[in-house]
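Every heavy atom of this structure was used, including side-chain atoms; hydrogens, water molecules and symmetry mates were not.
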Amino acid sequence: MNNEVIKTSEELGKELKLSQKNFADIYLSNDRNGKQAYLQAFPGTKIGTAEVQSSRMLKKAKVSAYINAKDKEFEKRTERTKETIVTGK
């Protein structure tokens, strides 16, 4: 039996620094382009720096957990919407 506590994206988001959360939210909203998300979250960053730092940011456990939680929540909402459309309930 698995007693793992599953946190929501809201809970996980509170564990992130504001800059990390902003990066992750931008990343999720821009077709998962890490470099562009980093440039938007950290204005004034050089392109080469953004490429390296975005990769590092995505490897951080808390940032990755937040992104995964947002993905799972989106999948659940999508499934419920599909079910509503198909069944009318």
Rounded distance (nearest 0.5 Å) linking atom [atom1] of [X] with atom [atom2] of [Y]:
{"X": "Arg56", "Y": "Thr49", "atom1": "CZ", "atom2": "OG1", "result": "9.5 Å"}
{"X": "Ser29", "Y": "Gln36", "atom1": "OG", "atom2": "CD", "result": "11.5 Å"}
{"X": "Gln40", "Y": "Asn22", "atom1": "CD", "atom2": "CG", "result": "10.5 Å"}
{"X": "Leu39", "Y": "Glu51", "atom1": "CG", "atom2": "CD", "result": "8.5 Å"}

Lys76/Asp71 ion pair, N-O < 4.0 Å:
no

Under 3.5 Å, side chain of [X] to main-chain N/O of [Y], donor-acceptor pair present?
{"X": "Asn33", "Y": "Lys35", "result": "yes"}
{"X": "Glu73", "Y": "Lys70", "result": "no"}
{"X": "Ser54", "Y": "Ala50", "result": "yes"}

Among Lys7, Lys62, Lys21, Gln20, find the one that has a side chain to side chain donor-acceptor pair (under 3.5 Å) with Glu15.
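Among Lys7, Lys62, Lys21, Gln20, the one that satisfies the side chain to side chain donor-acceptor pair (under 3.5 Å) with Glu15 is Lys7.
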
Among Ile, Leu, Val, Met, Phe, Trp and Tyr joined by side-chain contacts under 4.5 Å, find the other residues sharing a cluster with Met57 and list them by chain and number.
Leu12, Leu16, Phe23, Tyr27, Leu28, Tyr38, Phe42, Leu58, Val63, Tyr66, Ile67

